A.B. asks: 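Just passing along the structure, written as structure tokens.
Nothing here was measured: the structure is a model prediction, and the numbers come from that model. One is the number of the first residue; the rest follow in order along the sequence.
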Amino acid sequence: MTTADAASSDPASSAAPAPATAAVPDHLLLLPLRQRIVERDLGVRALHLHRAGRDDLSHRFGDDTVENIYSVSKTVTALAVGIAAQEGLLDVEDLLVDHLPVPAGGYGAGIEQVRLRHLITMTSGSPILGFLDEHRDHEDLTGLFLGTDLVAAPGEHWEYSNGSIFLLSRVISERSGQTLRDWLMPRLFEPLGILNPQWHTTRDGYSWGATGLHLKSGQLARIGRLLLQGGEYDGTQLVPSRWIDEMHGDAAWVATGDPEPEAAQYGYGVWQCTPEGVWRADGALGQIILVMPRQRAVLTITSRLEGRSAAETQRAVWEELLPLL
């Protein structure tokens, strides 16, 4: 007799409501979240849910076009750092100045103290954040960063910085002789079935690293699956599992000072989420990869959310989907 048959044979149990932990059929699993997205006008374009040992679920609210994943690019660059470390090209405790040539005007004050760990956690102390036109359009952003005085001691202050993450891209290019995009092609993109990704470059031809990678939602979902599976994809270990653990490990988190609970802690190219154990990649306008190890699941979201925080989308996931997993 099955559990369901046993329950139906008991008059008391047949009158009782289904337990809160009752499995939700796959075709209904995303429905509450989809309804919330529509009701709150959260601008979501696509959802992809991967669960270990189960069929993937997806829903598209529009065409699956190639889109800028914005700062999820930072997470991809963090993956590149882990691969480069395994290949002996660098270590996160290395000094930045040991990897890049001295700029024409010499180093800015304090630059000699910056380690790659400060770049990946955005605690370098450099004021070259990469958002101003004079930074983005500079003919030598690397030289500008290295030649500018720090405004805080490395590790002392967190500040969101495209400039710091770009320098990691620049370091890998210096060590490999290739742009970050080209270097990652055989190591990450091609094994994930991402055959011709476009990645914005600086004026002098280096992959931005911090932003500008363009992918379809299904391609981004493969990166999410890689994160959930500790760097493994389809039987091949593309990124060291130890590095994936370090990216969101206790030693990686840095307090940001942001009053938004979903943005309070930043690690190695990823953010800590409020539900225990959950962490994410996060890009502007609602590009999100939510890694939920305890649920053995990862949810990838692409969006066009204008003028509002994507934390609202995350809270919709916590309330409408997470309890069902």
A.B. asks: Step by step, would you call Thr211 with His200 a side chain to side chain contact (heavy atoms under 4.5 Å, CB included)?
C.D. replies: CA-CA 8 Å; Thr211 187; His200 288 166; over 6 Å; no
A.B. asks: When hydrophobic residues are tied together by side-chain contacts of less than 4.5 Å, even through go-betweens, does Leu305 share a cluster with Ile288?
C.D. replies: no
A.B. asks: Between the main-chain N or O of Ala263 and the side-chain N or O of Gln265, is there a donor-acceptor pair closer than 3.5 Å?
C.D. replies: no
A.B. asks: Compare every heavy atom of Ala109 with every heavy atom of Asp149, then report the nearest pair and how far apart it is.
C.D. replies: OD1-N, 2.8 Å
A.B. asks: Could you check whether the rings of Phe166 and Tyr206 sit parallel, tilted or perpendicular, using 30° and 60° as the cut-offs?
C.D. replies: perpendicular
A.B. asks: Kindly work out whether a path of hydrophobic side-chain contacts (I/L/V/M/F/W/Y, heavy atoms less than 4.5 Å apart) joins Leu119 to Val102.
C.D. replies: yes
A.B. asks: When you compare the side chain of Leu141 with that of Arg170, does any pair of heavy atoms fall below 4.5 Å?
C.D. replies: no
A.B. asks: Is Arg296 atom CZ crowded by more than 12 heavy atoms from other residues, nucleotides or ligands, each under 6.0 Å away?
C.D. replies: no
A.B. asks: Determine, stepwise, if the pair Met292 / Trp279 fulfils side chain to side chain contact (heavy atoms under 4.5 Å, CB included).
C.D. replies: CA-CA 7 Å; Met292 301 169 276; Trp279 51 285; over 6 Å; no
A.B. asks: Working note: Arg242 + Asp245, criterion salt bridge (Lys or Arg N to Asp or Glu O under 4.0 Å); need CA distance, chi angles, decisive distance, verdict.
C.D. replies: CA-CA 5 Å; Arg242 174 190 56 79; Asp245 291 340; over 6 Å; no
A.B. asks: Given the rule in the salt bridge (Lys or Arg N to Asp or Glu O under 4.0 Å) test, do Asp26 and Arg51 qualify, once you have shown the distances and angles that lead to the verdict?
C.D. replies: CA-CA 11 Å; Asp26 280 1; Arg51 298 162 296 166; 3.1 Å; yes
A.B. asks: Does Arg115 reach the side chain of Val92, with side-chain heavy atoms less than 4.5 Å apart?
C.D. replies: no
A.B. asks: Is the distance between the ring centroids of His59 and His48 less than 6.0 Å?
C.D. replies: no
A.B. asks: Charged N to carboxylate O under 4.0 angstrom, Glu67 versus Arg45?
C.D. replies: yes
A.B. asks: Do you know the tightest heavy-atom contact between Pro197 and Arg181?
C.D. replies: O-NE, 2.9 Å
A.B. asks: Distance check, rounded to the nearest 0.5 Å: Leu180 atom CG versus Met185 atom CE?
C.D. replies: 12.0 Å
A.B. asks: Heavy-atom distance under 4.5 Å between the side chains of Ile244 and Leu79, does that happen here?
C.D. replies: yes
A.B. asks: Are Leu227 and Tyr70 joined in one hydrophobic group, where the rule is that I, L, V, M, F, W and Y side chains link up if heavy atoms are under 4.5 Å apart?
C.D. replies: no
A.B. asks: Quick one: does any side-chain atom of Arg175 pair with a main-chain N or O of Leu89 as donor and acceptor, under 3.5 Å?
C.D. replies: yes
A.B. asks: Leu30 and Leu42: same hydrophobic cluster, using ILVMFWY side-chain contacts below 4.5 Å?
C.D. replies: yes
A.B. asks: Considering non-hydrogen atoms only, spot the tightest contact between Thr300 and Ser217 and give its length.
C.D. replies: CG2-O, 4.3 Å
A.B. asks: Is the closest side-chain donor-acceptor distance between Ser71 and Lys74 under 3.5 Å?
C.D. replies: yes
A.B. asks: Working to the nearest 0.5 Å, report the span between OH of Tyr107 and CD of Gln113.
C.D. replies: 13.0 Å
A.B. asks: Carefully, step by step, assess Phe61 and Leu47 under the rule side chain to side chain contact (heavy atoms under 4.5 Å, CB included).
C.D. replies: CA-CA 8 Å; Phe61 297 84; Leu47 300 169; 4.2 Å; yes
A.B. asks: Please report the shortest heavy-atom distance between Met122 and Ser161, naming the atom on each side.
C.D. replies: SD-N, 3.1 Å
A.B. asks: Please walk me through it: do Arg308 and Glu306 pass salt bridge (Lys or Arg N to Asp or Glu O under 4.0 Å)?
C.D. replies: CA-CA 6 Å; Arg308 294 153 66 189; Glu306 302 277 1; over 6 Å; no
A.B. asks: Step by step, work out the side chain to side chain donor-acceptor pair (under 3.5 Å) result for Ser124 and Ser164.
C.D. replies: CA-CA 7 Å; Ser124 69; Ser164 288; 3.1 Å; yes
A.B. asks: Could you grab the distance from atom NE2 of His138 to atom CG of Asp140, nearest 0.5 Å is fine?
C.D. replies: 6.5 Å
A.B. asks: Output yes when a side-chain donor or acceptor of Gln219 lies under 3.5 Å from a complementary backbone atom of Lys216, and no otherwise.
C.D. replies: yes
A.B. asks: Ser73 side chain to Leu213 main-chain N or O, any donor-acceptor pair under 3.5 Å?
C.D. replies: yes
A.B. asks: Using a 6.0 Å cut-off, check whether atom CG of Asp55 has over 12 heavy atoms from anything other than its own residue.
C.D. replies: no
A.B. asks: Can any side-chain N or O of Ser126 pair as donor or acceptor with the backbone N or O of Ile128 at less than 3.5 Å?
C.D. replies: yes
A.B. asks: Enter the distance from Tyr266:OH to Trp253:CH2 here, rounded to the nearest 0.5 Å.
C.D. replies: 9.5 Å
A.B. asks: Strictly below 4.0 Å, N to O, side chains only: are Asp41 and Arg36 in salt-bridge contact?
C.D. replies: no
A.B. asks: Looking only at side chains, do Asp204 and Thr202 share a donor and an acceptor under 3.5 Å apart?
C.D. replies: yes
A.B. asks: Taking the side chain as every heavy atom from C-beta outward, state whether Leu29 and Leu325 have any pair of such atoms under 4.5 Å apart.
C.D. replies: yes
A.B. asks: Is it the case that the side chain of Trp243 and the backbone of Ala85 share a donor-acceptor pair, with hydrogens and angles ignored and the cut-off at 3.5 Å?
C.D. replies: no
A.B. asks: Judged by atom type as modelled, is there a donor-acceptor pair below 3.5 Å linking the side chain of Asn68 to the main-chain atoms of His214?
C.D. replies: no
A.B. asks: Within the side chain of Gln287, is there an N or O that forms a donor-acceptor pair under 3.5 Å with the backbone of Ala284?
C.D. replies: yes
A.B. asks: Where is the tightest heavy-atom contact between Arg280 and Glu262, given as atom of each residue plus distance?
C.D. replies: NH2-O, 2.7 Å
A.B. asks: For Glu87, enumerate each residue passing the side-chain hydrogen bond (donor to acceptor under 3.5 Å, both in side chains) test, keeping only those at least two apart in sequence or located in another chain.
C.D. replies: Arg187
A.B. asks: Please report the interatomic distance CG(Leu226) to CG(Leu188), rounded to the nearest 0.5 Å.
C.D. replies: 6.5 Å
A.B. asks: Please verify the inter-ring angle class for Phe189 with Trp199; under 30° counts as parallel, over 60° as perpendicular, anything in between as tilted.
C.D. replies: perpendicular
A.B. asks: I want to check something: taking the side chain as every heavy atom from C-beta on, are Ile289 and Thr75 in contact at a cut-off of under 4.5 Å?
C.D. replies: no
A.B. asks: Output the distance between atom CG (Leu49) and atom CG (Leu57), rounded to the nearest 0.5 Å.
C.D. replies: 5.5 Å
A.B. asks: Which heavy atom of Val291 sits nearest to which heavy atom of Leu228, and what is that distance?
C.D. replies: CG1-CA, 4.0 Å
A.B. asks: Under the salt bridge (Lys or Arg N to Asp or Glu O under 4.0 Å) criterion, do Glu319 and Arg315 qualify, and how do the steps go?
C.D. replies: CA-CA 6 Å; Glu319 296 169 15; Arg315 282 188 274 273; over 6 Å; no
A.B. asks: May I ask you to test the Leu220-Thr302 pair for a side-chain heavy-atom distance under 4.5 Å?
C.D. replies: yes
A.B. asks: Without swapping roles, check the side chain of Arg222 against the backbone of Leu192 for a donor-acceptor pair under 3.5 Å.
C.D. replies: yes
A.B. asks: Side-chain heavy atoms nearer than 4.5 Å, only ILVMFWY residues, links allowed to pass through others: does that put Leu184 and Ile69 together?
C.D. replies: yes
A.B. asks: So do Leu299 and Val317 actually touch side chain to side chain, heavy atoms under 4.5 Å?
C.D. replies: yes
A.B. asks: Using atom types as modelled and distance alone, determine if a side-chain donor or acceptor of Gln86 lies under 3.5 Å from a backbone N or O of Gly88.
C.D. replies: no
A.B. asks: Is it true that atom CG of Asp63 has more than 12 heavy atoms of other residues, nucleotides or ligands lying nearer than 6.0 Å?
C.D. replies: no
A.B. asks: What I'd like to find out is whether the side chain of Leu96 reaches to under 4.5 Å of the side chain of Leu167, using heavy atoms alone.
C.D. replies: yes
